[in-house]
Amino acid sequence: MPKQSLIKGTIVLSIAAFLTKLLGFINGMVLARVIGSEGVGLLMMTMPAISLLIALTTLGLDIAISKLVAEYDLKNNHLMIKRVLIISLFATLTISFILIIGLFASSHILLPIILIDKRAYYAFIAAILIVPITAVVSVFKGYFRGKQYMSPIAFAQIIEQISRICLIFLIAQWLMQFGIEYAVAGTVICGILGELFSLFYMAIRFKKIKSTKFTFHHSLLKEIKNGKKTLTNLLEIGLPMTGNNLIRSVGAFLQPIVIMHSLRIAGVDSATGTGQYGVIMGFAMPLLFLPHFISNSLSVSLIPSISEAYAQNNFNLIHRRIQQAVQLSLMIGLPWTIILYFFPDILTTTFYNSKDAAIFVKMLAPMFLLQFFRIPFSSIIIGLGKAKAVMFNNIFTTILTLLLMFILASSPELGINGVALALCMEVVLGTLLHFFTIVKLIGFTINIKILFKIIISGILMSIISLMTYKYLEIMGIDKLFSLIILLTTSLSIYCLLLFLFKLFSFSKPIKNHL
(Lines give C-alpha, C1' and ligand atoms only; values in the text may rest on other atoms or scores of the structure.)
Protein backbone atom coordinates (compact mmCIF):
# COMPACT_ATOMS: atom_id res chain seq x y z
CA MET A 1 0.00 0.00 0.00
CA PRO A 2 1.81 3.17 -1.19
CA LYS A 3 2.03 6.26 0.98
CA GLN A 4 -0.08 9.22 -0.08
CA SER A 5 1.26 12.76 -0.17
CA LEU A 6 -0.30 15.48 1.95
CA ILE A 7 -2.18 16.98 -1.02
CA LYS A 8 -3.33 13.60 -2.35
CA GLY A 9 -4.38 12.48 1.11
CA THR A 10 -6.37 15.69 1.63
CA ILE A 11 -8.09 15.25 -1.75
CA VAL A 12 -8.95 11.63 -0.94
CA LEU A 13 -10.42 12.61 2.43
CA SER A 14 -12.32 15.53 0.88
CA ILE A 15 -13.88 13.32 -1.80
CA ALA A 16 -14.80 10.71 0.82
CA ALA A 17 -16.16 13.40 3.12
CA PHE A 18 -18.25 14.81 0.28
CA LEU A 19 -19.69 11.39 -0.51
CA THR A 20 -20.26 10.79 3.20
CA LYS A 21 -22.09 14.13 3.49
CA LEU A 22 -24.16 13.29 0.44
CA LEU A 23 -25.01 9.90 1.87
CA GLY A 24 -25.69 11.58 5.21
CA PHE A 25 -28.26 13.79 3.53
CA ILE A 26 -29.86 10.76 1.92
CA ASN A 27 -29.89 9.23 5.39
CA GLY A 28 -31.57 12.38 6.73
CA MET A 29 -34.16 12.24 3.95
CA VAL A 30 -34.88 8.57 4.75
CA LEU A 31 -35.16 9.38 8.46
CA ALA A 32 -37.49 12.31 7.80
CA ARG A 33 -39.83 10.04 5.86
CA VAL A 34 -39.56 6.99 8.13
CA ILE A 35 -39.57 8.43 11.69
CA GLY A 36 -40.54 12.08 11.03
CA SER A 37 -39.36 15.25 12.76
CA GLU A 38 -40.44 13.99 16.19
CA GLY A 39 -38.39 10.82 15.74
CA VAL A 40 -35.42 12.84 14.54
CA GLY A 41 -35.77 15.00 17.66
CA LEU A 42 -35.65 11.89 19.88
CA LEU A 43 -32.60 10.67 17.97
CA MET A 44 -30.84 14.03 18.36
CA MET A 45 -31.39 13.86 22.13
CA THR A 46 -29.34 10.67 22.40
CA MET A 47 -26.45 11.64 20.11
CA PRO A 48 -24.79 14.28 22.33
CA ALA A 49 -24.60 11.83 25.25
CA ILE A 50 -22.99 9.20 23.02
CA SER A 51 -20.52 11.77 21.66
CA LEU A 52 -19.54 12.52 25.25
CA LEU A 53 -18.99 8.82 25.96
CA ILE A 54 -16.89 8.41 22.82
CA ALA A 55 -14.74 11.43 23.77
CA LEU A 56 -14.17 9.92 27.23
CA THR A 57 -13.27 6.56 25.69
CA THR A 58 -10.91 7.62 22.90
CA LEU A 59 -9.09 10.33 24.95
CA GLY A 60 -7.94 12.00 21.73
CA LEU A 61 -5.69 9.01 21.09
CA ASP A 62 -6.43 8.91 17.36
CA ILE A 63 -4.40 12.11 16.89
CA ALA A 64 -1.70 10.88 19.29
CA ILE A 65 -1.52 7.53 17.48
CA SER A 66 -1.13 9.20 14.09
CA LYS A 67 1.72 11.38 15.37
CA LEU A 68 3.63 8.54 17.06
CA VAL A 69 3.07 6.09 14.19
CA ALA A 70 4.38 8.68 11.71
CA GLU A 71 7.50 9.22 13.83
CA TYR A 72 8.22 5.50 14.31
CA ASP A 73 7.43 4.72 10.67
CA LEU A 74 10.03 7.29 9.60
CA LYS A 75 12.59 5.31 11.66
CA ASN A 76 11.22 1.94 10.43
CA ASN A 77 10.60 1.04 14.07
CA HIS A 78 7.76 -1.45 13.53
CA LEU A 79 8.10 -2.84 17.05
CA MET A 80 7.14 0.51 18.59
CA ILE A 81 4.25 0.90 16.13
CA LYS A 82 2.88 -2.43 17.36
CA ARG A 83 3.31 -1.31 20.95
CA VAL A 84 1.44 1.93 20.27
CA LEU A 85 -1.44 -0.01 18.72
CA ILE A 86 -1.64 -2.58 21.51
CA ILE A 87 -1.49 0.00 24.31
CA SER A 88 -4.08 2.16 22.52
CA LEU A 89 -6.46 -0.74 21.99
CA PHE A 90 -6.03 -1.92 25.58
CA ALA A 91 -6.62 1.57 27.00
CA THR A 92 -9.66 2.46 24.89
CA LEU A 93 -11.35 -0.92 25.27
CA THR A 94 -10.78 -0.96 29.03
CA ILE A 95 -12.28 2.49 29.45
CA SER A 96 -15.20 1.70 27.12
CA PHE A 97 -16.16 -1.47 28.98
CA ILE A 98 -15.95 0.31 32.36
CA LEU A 99 -18.25 3.02 31.01
CA ILE A 100 -20.69 0.48 29.57
CA ILE A 101 -20.93 -1.47 32.84
CA GLY A 102 -21.33 1.75 34.83
CA LEU A 103 -24.05 3.09 32.52
CA PHE A 104 -26.05 -0.12 32.46
CA ALA A 105 -25.79 -0.37 36.26
CA SER A 106 -26.95 3.22 36.83
CA SER A 107 -29.28 3.63 33.84
CA HIS A 108 -32.45 3.50 35.95
CA ILE A 109 -31.18 6.48 37.99
CA LEU A 110 -29.19 8.43 35.40
CA LEU A 111 -31.35 8.30 32.28
CA PRO A 112 -34.51 9.87 33.75
CA ILE A 113 -32.34 12.88 34.66
CA ILE A 114 -30.49 13.36 31.35
CA LEU A 115 -33.33 12.41 28.97
CA ILE A 116 -36.14 14.93 28.90
CA ASP A 117 -38.36 12.72 26.75
CA LYS A 118 -38.72 9.18 28.17
CA ARG A 119 -39.24 7.78 24.68
CA ALA A 120 -35.51 8.27 23.99
CA TYR A 121 -34.67 5.66 26.67
CA TYR A 122 -34.41 2.65 24.34
CA ALA A 123 -32.37 4.61 21.80
CA PHE A 124 -29.86 5.62 24.46
CA ILE A 125 -29.52 2.07 25.79
CA ALA A 126 -28.92 0.80 22.26
CA ALA A 127 -26.41 3.56 21.52
CA ILE A 128 -24.19 2.60 24.47
CA LEU A 129 -23.11 -0.47 22.50
CA ILE A 130 -21.40 1.69 19.85
CA VAL A 131 -18.75 2.91 22.32
CA PRO A 132 -16.27 -0.03 22.14
CA ILE A 133 -16.70 -0.28 18.35
CA THR A 134 -15.92 3.41 17.90
CA ALA A 135 -12.94 3.05 20.25
CA VAL A 136 -11.35 0.41 18.02
CA VAL A 137 -12.24 2.36 14.86
CA SER A 138 -10.45 5.44 16.25
CA VAL A 139 -7.28 3.39 16.80
CA PHE A 140 -7.35 2.11 13.21
CA LYS A 141 -7.96 5.63 11.87
CA GLY A 142 -5.03 7.00 13.86
CA TYR A 143 -2.81 4.23 12.53
CA PHE A 144 -3.78 4.79 8.87
CA ARG A 145 -3.30 8.57 9.20
CA GLY A 146 0.13 8.03 10.72
CA LYS A 147 1.09 5.70 7.85
CA GLN A 148 -0.39 8.26 5.42
CA TYR A 149 -2.84 5.70 4.05
CA MET A 150 -6.01 7.77 3.68
CA SER A 151 -7.90 5.45 1.31
CA PRO A 152 -8.93 2.87 3.98
CA ILE A 153 -10.44 5.64 6.11
CA ALA A 154 -12.25 7.08 3.10
CA PHE A 155 -13.76 3.78 1.99
CA ALA A 156 -14.68 2.85 5.59
CA GLN A 157 -16.71 6.07 5.94
CA ILE A 158 -18.59 5.37 2.73
CA ILE A 159 -19.27 1.73 3.71
CA GLU A 160 -20.60 2.87 7.10
CA GLN A 161 -23.04 5.37 5.55
CA ILE A 162 -24.33 3.05 2.82
CA SER A 163 -24.89 0.25 5.34
CA ARG A 164 -26.71 2.60 7.69
CA ILE A 165 -29.07 3.94 5.00
CA CYS A 166 -30.01 0.48 3.74
CA LEU A 167 -30.58 -0.88 7.24
CA ILE A 168 -32.62 2.13 8.39
CA PHE A 169 -34.92 1.83 5.42
CA LEU A 170 -35.58 -1.82 6.28
CA ILE A 171 -35.35 -2.06 10.09
CA ALA A 172 -36.59 1.36 11.30
CA GLN A 173 -39.54 1.30 8.91
CA TRP A 174 -40.52 -2.17 10.17
CA LEU A 175 -40.19 -1.11 13.84
CA MET A 176 -42.37 1.97 13.30
CA GLN A 177 -45.46 -0.21 13.67
CA PHE A 178 -44.51 -0.89 17.32
CA GLY A 179 -44.08 2.80 18.18
CA ILE A 180 -41.79 5.71 17.43
CA GLU A 181 -39.49 4.96 20.40
CA TYR A 182 -38.73 1.49 18.99
CA ALA A 183 -38.15 2.88 15.49
CA VAL A 184 -35.65 5.42 16.88
CA ALA A 185 -33.86 2.68 18.84
CA GLY A 186 -33.75 0.63 15.64
CA THR A 187 -32.21 3.61 13.84
CA VAL A 188 -29.43 3.70 16.45
CA ILE A 189 -28.82 -0.04 16.06
CA CYS A 190 -28.53 0.47 12.28
CA GLY A 191 -25.81 3.05 12.96
CA ILE A 192 -23.99 0.57 15.20
CA LEU A 193 -24.10 -2.10 12.50
CA GLY A 194 -22.83 0.40 9.92
CA GLU A 195 -19.90 1.28 12.19
CA LEU A 196 -19.23 -2.44 12.64
CA PHE A 197 -19.09 -3.00 8.88
CA SER A 198 -16.57 -0.15 8.53
CA LEU A 199 -14.48 -1.70 11.33
CA PHE A 200 -14.41 -5.05 9.53
CA TYR A 201 -13.22 -3.31 6.37
CA MET A 202 -10.41 -1.45 8.15
CA ALA A 203 -9.35 -4.64 9.93
CA ILE A 204 -9.03 -6.39 6.55
CA ARG A 205 -6.97 -3.51 5.13
CA PHE A 206 -4.83 -3.47 8.28
CA LYS A 207 -4.13 -7.20 7.98
CA LYS A 208 -2.77 -6.72 4.45
CA ILE A 209 0.03 -4.40 5.68
CA LYS A 210 2.99 -6.76 6.04
CA SER A 211 5.12 -4.53 8.25
CA THR A 212 2.49 -4.48 11.00
CA LYS A 213 1.58 -8.16 11.11
CA PHE A 214 1.85 -9.63 14.60
CA THR A 215 0.05 -12.08 16.85
CA PHE A 216 -1.88 -10.44 19.68
CA HIS A 217 -1.89 -13.39 22.08
CA HIS A 218 1.92 -13.69 21.89
CA SER A 219 2.75 -10.05 22.47
CA LEU A 220 -0.26 -8.57 24.27
CA LEU A 221 0.78 -9.05 27.92
CA LYS A 222 4.43 -8.30 27.18
CA GLU A 223 3.65 -5.03 25.39
CA ILE A 224 1.17 -3.93 28.06
CA LYS A 225 3.77 -4.60 30.75
CA ASN A 226 6.45 -2.62 28.89
CA GLY A 227 4.11 0.04 27.57
CA LYS A 228 4.00 2.51 30.45
CA LYS A 229 6.19 5.04 28.65
CA THR A 230 4.22 4.59 25.42
CA LEU A 231 0.95 5.23 27.29
CA THR A 232 2.48 8.37 28.82
CA ASN A 233 3.52 9.61 25.35
CA LEU A 234 0.04 8.92 24.00
CA LEU A 235 -1.67 10.76 26.85
CA GLU A 236 0.67 13.75 26.63
CA ILE A 237 -0.53 14.30 23.10
CA GLY A 238 -4.09 13.04 23.47
CA LEU A 239 -5.27 14.68 26.70
CA PRO A 240 -5.15 18.31 25.45
CA MET A 241 -7.24 17.22 22.45
CA THR A 242 -9.55 15.34 24.81
CA GLY A 243 -10.17 18.57 26.70
CA ASN A 244 -11.37 20.24 23.51
CA ASN A 245 -13.49 17.23 22.55
CA LEU A 246 -15.00 17.03 26.02
CA ILE A 247 -15.98 20.69 25.95
CA ARG A 248 -17.79 20.22 22.66
CA SER A 249 -19.35 16.97 23.86
CA VAL A 250 -20.46 18.40 27.21
CA GLY A 251 -21.93 21.43 25.43
CA ALA A 252 -23.75 19.21 22.93
CA PHE A 253 -24.90 16.94 25.78
CA LEU A 254 -26.33 19.83 27.82
CA GLN A 255 -27.80 21.60 24.80
CA PRO A 256 -30.98 19.51 24.35
CA ILE A 257 -31.56 19.51 28.12
CA VAL A 258 -31.31 23.31 28.29
CA ILE A 259 -33.41 23.78 25.15
CA MET A 260 -36.23 21.44 26.22
CA HIS A 261 -36.40 22.92 29.74
CA SER A 262 -36.40 26.44 28.30
CA LEU A 263 -39.19 25.64 25.84
CA ARG A 264 -41.25 24.19 28.68
CA ILE A 265 -40.81 27.44 30.60
CA ALA A 266 -41.91 29.29 27.45
CA GLY A 267 -45.12 27.21 27.47
CA VAL A 268 -44.26 24.74 24.70
CA ASP A 269 -45.45 21.16 25.34
CA SER A 270 -43.01 18.23 25.18
CA ALA A 271 -44.12 16.77 21.84
CA THR A 272 -44.09 20.17 20.07
CA GLY A 273 -40.73 21.08 21.61
CA THR A 274 -39.23 17.76 20.52
CA GLY A 275 -40.48 18.34 16.98
CA GLN A 276 -39.08 21.90 16.89
CA TYR A 277 -35.75 20.66 18.23
CA GLY A 278 -35.69 17.97 15.54
CA VAL A 279 -36.37 20.55 12.81
CA ILE A 280 -33.59 22.96 13.83
CA MET A 281 -30.94 20.39 14.81
CA GLY A 282 -31.86 17.52 12.48
CA PHE A 283 -32.91 19.46 9.36
CA ALA A 284 -31.48 23.01 9.41
CA MET A 285 -28.04 22.34 10.94
CA PRO A 286 -27.02 19.58 8.47
CA LEU A 287 -27.79 21.95 5.59
CA LEU A 288 -25.69 24.68 7.18
CA PHE A 289 -22.76 22.31 7.71
CA LEU A 290 -22.95 20.57 4.32
CA PRO A 291 -19.71 21.95 2.73
CA HIS A 292 -17.72 21.88 5.97
CA PHE A 293 -16.06 18.62 4.96
CA ILE A 294 -13.62 20.76 2.95
CA SER A 295 -12.92 22.98 5.95
CA ASN A 296 -12.33 19.87 8.07
CA SER A 297 -9.93 18.45 5.48
CA LEU A 298 -8.15 21.80 5.37
CA SER A 299 -7.91 21.79 9.16
CA VAL A 300 -6.36 18.32 9.20
CA SER A 301 -3.70 19.55 6.78
CA LEU A 302 -3.12 22.85 8.58
CA ILE A 303 -2.02 21.43 11.94
CA PRO A 304 1.16 19.63 10.72
CA SER A 305 1.85 22.34 8.16
CA ILE A 306 1.74 25.16 10.72
CA SER A 307 3.60 23.05 13.31
CA GLU A 308 6.44 22.31 10.90
CA ALA A 309 6.79 25.94 9.84
CA TYR A 310 6.65 27.11 13.48
CA ALA A 311 9.37 24.62 14.50
CA GLN A 312 11.56 26.07 11.73
CA ASN A 313 10.70 29.67 12.76
CA ASN A 314 9.47 30.21 9.20
CA PHE A 315 6.97 32.96 9.95
CA ASN A 316 6.61 33.95 6.31
CA LEU A 317 5.33 30.47 5.53
CA ILE A 318 2.98 30.57 8.55
CA HIS A 319 1.46 33.84 7.33
CA ARG A 320 1.12 32.41 3.87
CA ARG A 321 -0.69 29.33 5.18
CA ILE A 322 -3.01 31.53 7.24
CA GLN A 323 -3.82 33.67 4.22
CA GLN A 324 -4.49 30.58 2.14
CA ALA A 325 -6.81 29.22 4.86
CA VAL A 326 -8.78 32.50 4.97
CA GLN A 327 -8.99 32.63 1.18
CA LEU A 328 -10.13 29.04 0.77
CA SER A 329 -12.61 29.31 3.66
CA LEU A 330 -14.32 32.33 2.09
CA MET A 331 -14.29 30.73 -1.37
CA ILE A 332 -16.10 27.68 0.02
CA GLY A 333 -18.43 29.40 2.48
CA LEU A 334 -19.70 32.39 0.50
CA PRO A 335 -21.58 30.63 -2.34
CA TRP A 336 -23.23 28.14 0.04
CA THR A 337 -24.30 30.98 2.36
CA ILE A 338 -25.88 32.79 -0.61
CA ILE A 339 -27.76 29.66 -1.70
CA LEU A 340 -29.01 28.98 1.84
CA TYR A 341 -30.14 32.57 2.38
CA PHE A 342 -32.02 33.07 -0.89
CA PHE A 343 -33.41 29.56 -1.47
CA PRO A 344 -34.12 27.90 1.90
CA ASP A 345 -37.68 26.83 0.97
CA ILE A 346 -36.75 24.80 -2.09
CA LEU A 347 -33.85 23.17 -0.21
CA THR A 348 -35.80 22.08 2.86
CA THR A 349 -38.81 20.98 0.83
CA THR A 350 -36.69 18.89 -1.54
CA PHE A 351 -34.46 17.32 1.09
CA TYR A 352 -36.88 16.86 3.99
CA ASN A 353 -40.35 17.43 2.55
CA SER A 354 -40.71 20.12 5.21
CA LYS A 355 -40.91 23.92 5.05
CA ASP A 356 -40.54 24.37 8.82
CA ALA A 357 -36.74 24.37 8.69
CA ALA A 358 -36.55 27.11 6.01
CA ILE A 359 -36.96 30.00 8.48
CA PHE A 360 -34.09 28.67 10.63
CA VAL A 361 -31.84 28.13 7.60
CA LYS A 362 -32.42 31.72 6.46
CA MET A 363 -31.88 33.09 9.96
CA LEU A 364 -28.66 31.15 10.64
CA ALA A 365 -26.98 31.22 7.21
CA PRO A 366 -25.35 34.73 7.34
CA MET A 367 -23.74 34.18 10.73
CA PHE A 368 -22.72 30.61 9.97
CA LEU A 369 -20.45 31.91 7.21
CA LEU A 370 -18.00 32.59 10.06
CA GLN A 371 -18.02 28.87 10.96
CA PHE A 372 -15.99 28.25 7.78
CA PHE A 373 -13.20 30.32 9.38
CA ARG A 374 -13.65 29.07 12.92
CA ILE A 375 -12.54 25.49 12.19
CA PRO A 376 -9.26 26.38 10.37
CA PHE A 377 -8.51 29.10 12.95
CA SER A 378 -8.62 26.52 15.76
CA SER A 379 -6.23 24.27 13.80
CA ILE A 380 -3.81 27.16 13.30
CA ILE A 381 -3.75 27.83 17.05
CA ILE A 382 -3.15 24.11 17.76
CA GLY A 383 -0.39 24.09 15.15
CA LEU A 384 1.24 26.99 17.00
CA GLY A 385 1.35 24.79 20.10
CA LYS A 386 -1.46 26.58 21.96
CA ALA A 387 -4.18 23.91 22.17
CA LYS A 388 -5.07 25.19 25.66
CA ALA A 389 -6.06 28.53 24.14
CA VAL A 390 -8.55 26.75 21.89
CA MET A 391 -9.88 24.89 24.92
CA PHE A 392 -10.38 28.07 26.96
CA ASN A 393 -12.02 29.83 24.00
CA ASN A 394 -14.39 26.89 23.61
CA ILE A 395 -15.17 26.80 27.34
CA PHE A 396 -16.13 30.48 27.37
CA THR A 397 -18.15 30.16 24.15
CA THR A 398 -19.99 27.03 25.32
CA ILE A 399 -20.95 28.46 28.73
CA LEU A 400 -22.16 31.74 27.26
CA THR A 401 -24.10 29.95 24.48
CA LEU A 402 -25.92 27.68 26.94
CA LEU A 403 -26.75 30.69 29.12
CA LEU A 404 -28.09 32.62 26.11
CA MET A 405 -30.10 29.59 24.98
CA PHE A 406 -31.76 29.33 28.36
CA ILE A 407 -32.55 33.06 28.57
CA LEU A 408 -33.75 33.50 24.97
CA ALA A 409 -35.62 30.19 24.52
CA SER A 410 -37.45 30.70 27.86
CA SER A 411 -39.09 33.80 26.43
CA PRO A 412 -42.63 33.04 25.16
CA GLU A 413 -42.10 35.63 22.39
CA LEU A 414 -38.99 33.85 21.05
CA GLY A 415 -39.18 30.18 22.01
CA ILE A 416 -37.25 28.05 19.49
CA ASN A 417 -36.20 31.23 17.62
CA GLY A 418 -34.19 32.11 20.74
CA VAL A 419 -32.23 28.89 20.21
CA ALA A 420 -31.40 30.00 16.66
CA LEU A 421 -30.21 33.40 17.91
CA ALA A 422 -28.02 31.74 20.54
CA LEU A 423 -26.46 29.49 17.88
CA CYS A 424 -25.66 32.59 15.80
CA MET A 425 -23.96 34.20 18.79
CA GLU A 426 -21.96 31.01 19.41
CA VAL A 427 -20.47 31.04 15.90
CA VAL A 428 -19.67 34.76 16.00
CA LEU A 429 -18.08 34.64 19.45
CA GLY A 430 -16.14 31.42 18.82
CA THR A 431 -14.70 32.70 15.53
CA LEU A 432 -13.71 36.09 16.94
CA LEU A 433 -12.00 34.55 19.98
CA HIS A 434 -9.91 32.27 17.73
CA PHE A 435 -9.13 35.20 15.39
CA PHE A 436 -7.89 37.48 18.17
CA THR A 437 -5.88 34.60 19.67
CA ILE A 438 -4.01 34.21 16.36
CA VAL A 439 -3.48 37.96 16.15
CA LYS A 440 -2.04 37.93 19.67
CA LEU A 441 0.20 34.91 19.02
CA ILE A 442 1.62 35.78 15.62
CA GLY A 443 -0.43 38.50 13.95
CA PHE A 444 -1.54 38.49 10.35
CA THR A 445 -3.19 40.75 7.84
CA ILE A 446 -5.82 39.84 5.28
CA ASN A 447 -5.19 40.34 1.57
CA ILE A 448 -8.12 42.67 0.90
CA LYS A 449 -7.70 42.52 -2.88
CA ILE A 450 -8.21 38.76 -3.00
CA LEU A 451 -11.16 38.84 -0.60
CA PHE A 452 -12.77 41.64 -2.62
CA LYS A 453 -12.58 39.51 -5.78
CA ILE A 454 -14.25 36.60 -3.99
CA ILE A 455 -17.03 38.85 -2.65
CA ILE A 456 -17.66 40.33 -6.11
CA SER A 457 -17.88 36.78 -7.50
CA GLY A 458 -20.44 35.97 -4.82
CA ILE A 459 -22.55 39.06 -5.57
CA LEU A 460 -22.62 38.32 -9.30
CA MET A 461 -23.48 34.70 -8.56
CA SER A 462 -26.41 35.72 -6.33
CA ILE A 463 -27.84 37.98 -9.07
CA ILE A 464 -27.62 35.23 -11.69
CA SER A 465 -29.05 32.68 -9.24
CA LEU A 466 -32.12 34.83 -8.50
CA MET A 467 -32.71 35.42 -12.21
CA THR A 468 -32.39 31.67 -12.89
CA TYR A 469 -34.84 30.83 -10.09
CA LYS A 470 -37.42 33.32 -11.38
CA TYR A 471 -37.15 31.83 -14.86
CA LEU A 472 -37.56 28.28 -13.52
CA GLU A 473 -40.65 29.37 -11.56
CA ILE A 474 -42.22 30.91 -14.66
CA MET A 475 -41.50 27.73 -16.64
CA GLY A 476 -43.17 25.63 -13.93
CA ILE A 477 -40.31 23.10 -13.74
CA ASP A 478 -40.41 20.41 -11.03
CA LYS A 479 -38.76 21.49 -7.76
CA LEU A 480 -36.13 18.74 -7.74
CA PHE A 481 -35.02 19.56 -11.28
CA SER A 482 -35.20 23.28 -10.47
CA LEU A 483 -32.86 22.75 -7.52
CA ILE A 484 -30.39 20.75 -9.62
CA ILE A 485 -30.40 23.38 -12.39
CA LEU A 486 -30.14 26.21 -9.86
CA LEU A 487 -27.18 24.69 -7.98
CA THR A 488 -25.38 23.67 -11.18
CA THR A 489 -25.82 27.08 -12.80
CA SER A 490 -24.95 29.10 -9.69
CA LEU A 491 -21.84 27.15 -8.72
CA SER A 492 -20.62 26.95 -12.34
CA ILE A 493 -20.90 30.73 -12.71
CA TYR A 494 -19.15 31.22 -9.38
CA CYS A 495 -16.26 28.90 -10.32
CA LEU A 496 -15.94 30.60 -13.71
CA LEU A 497 -15.71 34.00 -12.02
CA LEU A 498 -13.04 32.71 -9.60
CA PHE A 499 -11.12 31.36 -12.59
CA LEU A 500 -11.37 34.69 -14.42
CA PHE A 501 -10.15 36.48 -11.30
CA LYS A 502 -7.23 33.98 -11.15
CA LEU A 503 -8.14 32.82 -7.64
CA PHE A 504 -7.68 29.09 -8.16
CA SER A 505 -3.89 29.11 -7.83
CA PHE A 506 -2.67 28.41 -4.29
CA SER A 507 0.93 27.74 -5.26
CA LYS A 508 1.90 31.36 -5.79
CA PRO A 509 3.46 33.24 -2.87
CA ILE A 510 0.98 35.45 -1.08
CA LYS A 511 2.37 38.89 -0.59
CA ASN A 512 1.42 41.58 1.88
CA HIS A 513 1.05 39.15 4.76
CA LEU A 514 3.09 41.37 7.00
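This structure is a prediction, so every number in the text was calculated from the model and none was measured. Quick note: numbers below take in every heavy atom, side chains included, and nothing from hydrogens, waters or symmetry partners.
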### Message
Taking ring-ring contact (aromatic ring centres under 6.0 Å, His included) as the cut-off, I'd like each qualifying pair that reaches into residues 268-291, sequence neighbours left out, listed once.
### Response
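Sorted pair list: Phe283-Tyr352, Phe289-His292, Phe289-Phe368.
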Validation row: [X], [Y] side chains within 4.5 angstrom (heavy atoms):
X: Phe360; Y: Thr348; answer: no
X: Leu364; Y: Cys424; answer: yes
X: Leu491; Y: Pro335; answer: yes
X: Ile171; Y: Ile189; answer: no
X: Val188; Y: Ile125; answer: no
X: Leu175; Y: Thr187; answer: no

Approximate separation, where rounding is to 0.5 Å, of [X] [atom1] and [Y] [atom2]:
X: Gln324; Y: Met331; atom1: CD; atom2: CE; result: 11.5 Å
X: Thr337; Y: Gln371; atom1: OG1; atom2: CD; result: 11.0 Å
X: Leu290; Y: Leu347; atom1: CG; atom2: CG; result: 9.5 Å
X: Ile259; Y: Met281; atom1: CD1; atom2: CE; result: 6.0 Å
X: Met363; Y: Leu340; atom1: CE; atom2: CG; result: 14.0 Å
X: Glu426; Y: Arg374; atom1: CD; atom2: CZ; result: 5.0 Å

#### Entry: salt bridge (Lys or Arg N to Asp or Glu O under 4.0 Å): pairs with one or both residues in residues 160-175, sequence neighbours excluded
Glu160-Arg164
### Query
Where does the angle between the aromatic ring planes of Phe178 and Tyr182 fall among parallel (under 30°), tilted (30 to 60°) and perpendicular (over 60°)?
perpendicular
### Task
Could you tell me how the ring of Phe200 sits relative to the ring of Phe197: parallel (under 30°), tilted (30 to 60°) or perpendicular (over 60°)?
tilted
Using modelled atom types only, decide if a donor and an acceptor are shared between the side chain of [X] and the backbone of [Y] within a distance under 3.5 Å.
X: Thr349; Y: Ile346; result: no
X: Thr398; Y: Ile395; result: no
X: Thr431; Y: Leu370; result: yes

Would you list the atom pairs, donor with acceptor, under 3.5 Å between side chains in residues 127-139 and any protein atom, with sequence neighbours excluded?
unit_1, atom_1, unit_2, atom_2, d
Thr134, OG1, Ile130, O, 2.9
Ser138, OG, Ala135, O, 2.6

Looking only at heavy atoms, which two atoms of [X] and [Y] are closest? And how far apart?
X: Ile381; Y: His434; result: CD1-O, 3.6 Å
X: Thr92; Y: Leu89; result: OG1-O, 3.2 Å
X: Ser96; Y: Leu93; result: OG-O, 2.8 Å
X: Tyr143; Y: Phe206; result: CE2-CD1, 3.6 Å
X: Met405; Y: Leu423; result: CE-CD2, 3.4 Å
X: Met260; Y: Gly273; result: CE-C, 3.7 Å

### Task
Check the pair Asn394, Thr397 against side-chain hydrogen bond (donor to acceptor under 3.5 Å, both in side chains), reporting the backbone distance first and the verdict last.
CA-CA 5 Å; Asn394 289 339; Thr397 303; 5.3 Å; no
### Message
Just to verify, what does Thr94 make a side chain to side chain donor-acceptor pair (under 3.5 Å) with, not counting sequence neighbours?
### Response
none
#### Entry: Any residue meeting side chain to side chain donor-acceptor pair (under 3.5 Å) with Tyr201, in chain and number order, not counting sequence neighbours
Arg205
### Task
With sequence neighbours excluded, tell me which residues meet ring pair (Phe, Tyr, Trp, His ring centres under 6.0 Å) with Phe351.
Phe25
### Task
Applying side-chain contact (heavy atoms from CB on, under 4.5 Å), run through Ser198 and Gln157 and close with a yes or a no.
CA-CA 7 Å; Ser198 71; Gln157 290 173 347; over 6 Å; no
